[in-house]
Amino acid sequence: MEKHYKSIEEILPPPSFHMVGDGFRVHNFFPSQPKIGQTGMNPFFLLDYGSKWLVPPSDTPKGVGVHPHRGFETVTIAYHGKVAHHDSAGNSGVISEGDVQWMTAGAGVLHKEFHEVEFSRKGGIFQMVQIWVNLPAKNKMSPAKYQAIGNKDMTKVLLDDGKSIVELIAGEYNGMKGPAFTFSPVNLFNAKLIKGAKARFSFNKNYNTGMLVIEGEVRINNSKTGPENHFILFGHDGEDIIIEAIEKSVILVLSGEPIHEPIASYGPFVMNTEAEIKQAYEDYNNGKFGYLED
Ligand code: MN
């Protein structure tokens, strides 16, 4: 059977890092990198990758203080270390190693994100991803909510080698479904592969598709190599992807149907028009996002 592989458009090395607050050291693959920009991975609007680093012990947890969001969802995936969050609706929780927090900011929420107290006290290896998933215009003002997706809640699909797995956070793989509710078609998986493992994926041609090499190194479509901490951006000329683990690897797989609507974004807001951005700032300044103590 002839295979129509998706072409590899770019293999992007991690851009230089910046700090989000004083606790999150992140490489922004998009929207800041022009090869992807605001629309190259639409409906995914932002990808901040906290590559592995050693957090020194601190009695005062580091992180990012109270800030608002509106118009999209934040998806936080913890690979190493722990994050504690609190929000203006009274929700709080800890995102531990292997877990995902899927927060629908929707109409608006104030929250803060810090290293969890015990993790902070001891220090340790920290590795995390935060993705912003855009919302269709009709859902941008839906009520804020959380989906706490523990590692045990994820659908695990065992691969042919009997050891490698594809963990489903959202979307569908080989007829199995991930636990997250999404407002538009989104696939989000972790492929955890032993050395030599092969994983096959198939996504609609029109979907925007990328992979982040969290750990290890993979060969893609029997051709190019995706090294650790690199982001692979795929084209729209085929459906299939095959990755082969050159060593033990963890790959974050993203694929989603683009939302064909205008994007107006500023700081923590992603809307459709400049007027809606202005309104978001007005509402924020007038206390309409609620209250959260520093
Ligand atoms: Mn935030």
Side-chain angles (χ1 to χ4, degrees), residues 17-32 38 41 43-51 55 60-79 81-96 99-117 119-120 126-135 139-149 169-170 180 182-183 186 188 212 252 254 263-271 276-277 280-281 283-285 287-294:
F17 70 83
H18 71 276
M19 295 303 291
V20 176
D22 64 1
F24 303 106
R25 178 192 180 278
V26 304
H27 310 272
N28 181 262
F29 278 101
F30 53 88
S32 70
Q38 288 192 342
M41 278 299 295
F44 308 99
F45 178 80
L46 173 146
L47 174 60
D48 269 347
Y49 174 43
S51 60
V55 175
T60 314
K62 294 185 164 48
V64 52
V66 177
H67 60 280
H69 290 298
R70 174 181 279 179
F72 61 97
E73 302 181 286
T74 65
V75 180
T76 307
I77 308 168
Y79 292 98
K82 291 183 180 182
V83 173
H85 77 95
H86 295 84
D87 80 4
S88 49
N91 300 298
S92 65
V94 174
I95 312 163
S96 296
D99 296 346
V100 171
Q101 184 208 61
W102 197 298
M103 182 184 88
T104 306
V109 71
L110 299 179
H111 77 160
K112 54 185 180 181
E113 300 154 282
F114 283 91
H115 298 157
E116 185 268 336
V117 173
F119 172 78
S120 180
F126 193 82
Q127 188 182 28
M128 202 140 309
V129 167
Q130 188 168 88
I131 297 164
W132 292 9
V133 181
N134 202 1
L135 286 171
N139 303 120
K140 280 190 180 291
M141 295 300 278
S142 61
K145 66 164 182 173
Y146 285 92
Q147 300 176 74
I149 303 168
I169 301 164
T182 65
F183 288 85
V186 169
L188 194 62
L212 177 61
L252 176 65
L254 305 87
I263 295 172
S265 91
Y266 198 84
F269 306 126
V270 183
M271 304 301 292
E276 288 167 347
I277 293 290
Y281 274 96
D283 290 350
Y284 172 55
N285 291 328
K288 289 190 180 163
F289 283 61
Y291 175 77
L292 179 63
E293 205 167 315
D294 279 326

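Order of appearance sets the numbers: ligands from 1, and atoms from 1 within every ligand.
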Taken by chain and residue number, the protein N/O/S atoms under 2.8 Å from the Mn ion (ligand 1) read His67 NE2, His69 NE2, His111 NE2, Glu113 OE1

Using the side chain to side chain donor-acceptor pair (under 3.5 Å) criterion, which residues pair with Gln127? Sequence neighbours excluded. Tyr49

Are the side chain of Asn134 and the backbone of Phe44 linked by a donor-acceptor contact shorter than 3.5 Å? no

Angle between ring planes, Phe126 versus His115, binned at 30° and 60°: parallel, tilted or perpendicular? tilted

When you compare the side chains of His111 and His86, does any donor N or O come within less than 3.5 Å of an acceptor on the partner? no

Could you tell me which non-hydrogen atom of Gly81 sits nearest to which non-hydrogen atom of Phe119, and how far apart they are? CA-CE1, 3.6 Å

Please determine which of Lys145, Gln147, His69, Glu73 meets the side chain to side chain donor-acceptor pair (under 3.5 Å) test together with Thr104. Glu73

